[in-house]
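Each remark here refers to the structure printed beneath this line.
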Amino acid sequence: MSHQNVIVLDFGGQYNQLIARRVRECGVYCEVKPCTMPLADIKAMNPIGIIFTGGPNSVYEPDSPHVDPAIFELGVPILGICYGCQLMAHTLGGRVTAATADSAREYGKTKTYFNTDCKLFKGLPAEGISWMSHGDYMEKVPEGFALVAHSDACPNVAICDESRGFYGVQYHPEVNHTEHGTDMIRNFLYEACGAKGDWTMGDYKVTAIKALQEKIGDGRVLLALSGGVDSSVAAALLAEAVGKQLTCVFVDHGLMRLNEGDEVEAAFAKWDINFIRVDAEERFLNKLAGITEPERKRKIIGEEFIRVFEEEAKKIGAVDFLAQGTIYPDVIESGLGKAAVIKSHHNVGGLPDFVDFKEIVEPLRLLFKDEVRQLGRELGLPEYLVSRQPFPGPGLAIRVIGDLTKDKLDLLRHADFIFREELANANLEHCPDQYFAALTNMRSVGVMGDGRTYDYAIALRAVTTDDFMTADWARLPFEVIDRASVRIVNEVPGVNRVLYDVTSKPPATVEFE
């Protein structure tokens with residue numbers, strides 16, 4: 001079954017993946033593509049709509065990213081957001097200039113007035129708050145465009161040419177700060193693009209299983225199983241598609257949480273799959289000894305994972321495919337087109353140049369985290385597994401800042417367990433979307449038992465998020481943080497200070513490295 005699809009052309013803005021997430025929330029499939037995507041490739045995807053994202057550039061600069069003007073002749077509705085709106089105006093004969101007056105420059109929450117006769121605002125309030133972030137100004141809009149939204153400071157907050165299906169907004173409808181922003185995106189999809197809403201996880205399960213069967217045939221598959229949500233769902237999907245052709249290899253690299261290796265083995269012992277646990281702690285720690293740079297850690301872990309799988313494959317016999325639980329945020333953060341690499345995920349940007357398998361299979365590669373959880377439920381996985389706390393592929397290696405030793409890892413494992421236990425005791429284990437402890441590379445002076453100490457500081461991190469592309473720090477009750485802090489300092493030798501991270505994403509990431 002083929003789905004309707006929308007293409008999100010990425011011009012380098014910070015909210016671009018959030019746009020894609022909002023489109024999918026509306027029941028429409030979409031993919032983020034680099035703005036350099038050739039027009040022929042765009043046509044080949046037969047999109048029902050195209051969205052231009054925001055970006056940091058000014059459209060009138062000679063080296064700013066542009067599109068082939070012929071894209072406006074495809075007969076496909078287009079929504080331009082922020083930079084995308086200005087790009088549309090600039091390309092179609094309007095004029096965009098730097099805002100020299102305060103009246104043309106807007107940032108943050110802004111009261112905005114909408115013309116509800118425009119399809120984009122159909123059925124929505126005539127005024128509300130929108131999230132602005134633009135220093136340029138559409139001094140002249142293209143011929144045929146109408147002004148359909150304004151603020152007290154700016155007369156052309158939104159423009160449209162409904163006869164051609166072109167819409168542009170200078171604010172960001174994809175962020176939560178914009179009131180009814182998702183409704184505006186939904187209106188673009190259903191009112192302008194004629195979307196049917198045919199993107200569901202039930203449909204995806206059926207089509208993904210069929211695609212895996214066609215790709216793998218009678219070949220054998222080796223799955224990198226971490227025991228986390230992503231790889232567990234990938235295991236269930238592959239098991240349903242190819243059954244005993246699948247072997248799951250769990251690499252216990254010594255970078256897991258307290259008792260996690262035993263828990264993973266116990267959970268998957270109940271499944272009708274080939275399960276192998278590899279004790280590789282000494283091997284990984286030797287490779288990582290003395291390494292402090294985060295990207296280097298990720299690269300080493302990524303390569304060592306592959307080498308372990310290759311060795312296990314040789315023991316098993318002929319294995320054609322390596323399967324991984326890679327998801328869409330992993331792909332995007334590891335660099336999309338010319339986009340910046342935020343951090344290389346060990347299963348994407350951390351892969352070595354040579355991989356001794358016929359092909360890598362990533363059945364979750366185009367799904368966001370919450371979609372993966374929905375798919376897991378469709379596949380009948382137990383809720384405790386589907387709702388499990390996210391855990392990065394490189395494990396505690398990126399939660400120990402600086403160099404790694406077994407002593408440091410054991411110290412962190414104990415502190416992390418206490419933090420998670422205290423949240424569970426307070427019935428908050430499902431309240432933050434992710435939470436953990438990290439071992440900083442900072443040592444400081446303390447006083448314990450009337451004596452001087454010079455020990456490590458543990459940082460506690462908890463965030464709330466819809467999609468893991470953006471996140472806000474969790475406002476945990478102070479008494480919970482206090483109990484965790486007291487226990488960690490008293491029960492974990494080598495720690496004399498506990499910090500709580502109150503940084504959102506962006507500017508931070510969820511993980512520390």
**Message:** I'd like to know if Glu422 pairs up with Arg483 as an ion pair, taking the criterion as any Lys NZ or Arg NE/NH1/NH2 lying under 4.0 Å from an Asp or Glu carboxylate oxygen.
**Reply:** yes
**Message:** Please check this pair: side chain of Arg443 against backbone of Val495, looking for a donor-acceptor N/O pair closer than 3.5 Å.
**Reply:** no
**Request:** With Glu511 as reference, evaluate Gln434, Arg461, Lys505 under the side-chain hydrogen bond (donor to acceptor under 3.5 Å, both in side chains) test and give the passing residue.
**Result:** Gln434
For residues 247-254, run the donor-acceptor check on the side chains, cut-off 3.5 Å, and write out each pair with its distance to 0.1 Å, sequence neighbours left out.
residue, atom, partner, partner atom, Å
Asp252, OD1, Gly254, N, 3.4
Asp252, OD2, Arg277, NH2, 2.7
His253, ND1, Leu255, N, 3.0

**Prompt:** By ring-ring contact (aromatic ring centres under 6.0 Å, His included), which residues pair with Trp473, not counting sequence neighbours?
**Reply:** none
**Request:** For the pair Lys408 and Asn441, evaluate side chain to side chain contact (heavy atoms under 4.5 Å, CB included) and give the outcome as yes or no after the intermediate values.
**Result:** CA-CA 10 Å; Lys408 286 184 177 180; Asn441 202 25; 4.1 Å; yes
**Asked** Is there a donor-acceptor pair under 3.5 Å between the side chain of Thr453 and the backbone N or O of Gly446?
**Response** yes
**Request:** Assert yes or no for the condition that the ring centre distance of Trp131 to His172 is strictly below 6.0 Å.
**Result:** no
**Item:** Any donor-acceptor pair under 3.5 Å from Asp455 side chain to Arg497 backbone
**Value:** no
**Prompt:** So, Glu293 side chain and Glu295 main chain: donor-acceptor pair closer than 3.5 Å or not?
**Reply:** yes
**Complete:** On a heavy-atom basis, the closest approach of Phe419 and Leu476 is CZ-CD1, 4.0 Å
**Prompt:** Backbone N or O of Arg22 within a donor-acceptor pair of the Thr182 side chain at under 3.5 Å?
**Reply:** no
**Salt-bridge criterion met for Asp410 and Arg413 (N-O under 4.0 Å)** = yes
**Message:** With a 6.0 Å cut-off on the ring centroids, do Phe391 and Phe436 count as close?
**Reply:** no
**Request:** Can you see which heavy atom on Val445 is nearest to which on Arg452, and at what distance?
**Result:** CG2-NH2, 3.4 Å
**Prompt:** Would you say the side-chain atoms of Glu179 pair up with the backbone N or O of Ile129, donor to acceptor, closer than 3.5 Å?
**Reply:** yes
**Item:** Distance-only side-chain donor-acceptor flag, Trp199 / Glu371, under 3.5 Å
**Value:** yes
**Asked** Is a side-chain N or O of Ser485 found less than 3.5 angstrom from the main chain of Ile481, in a donor-acceptor match?
**Response** no
**Prompt:** Ignoring hydrogens and geometry, is there a side-chain-to-backbone donor-acceptor pair from Ser504 to Pro506 under 3.5 Å?
**Reply:** no
**Prompt:** Hey, does the side chain of Gln245 reach the backbone of Gly219 with a donor-acceptor pair shorter than 3.5 angstrom?
**Reply:** yes
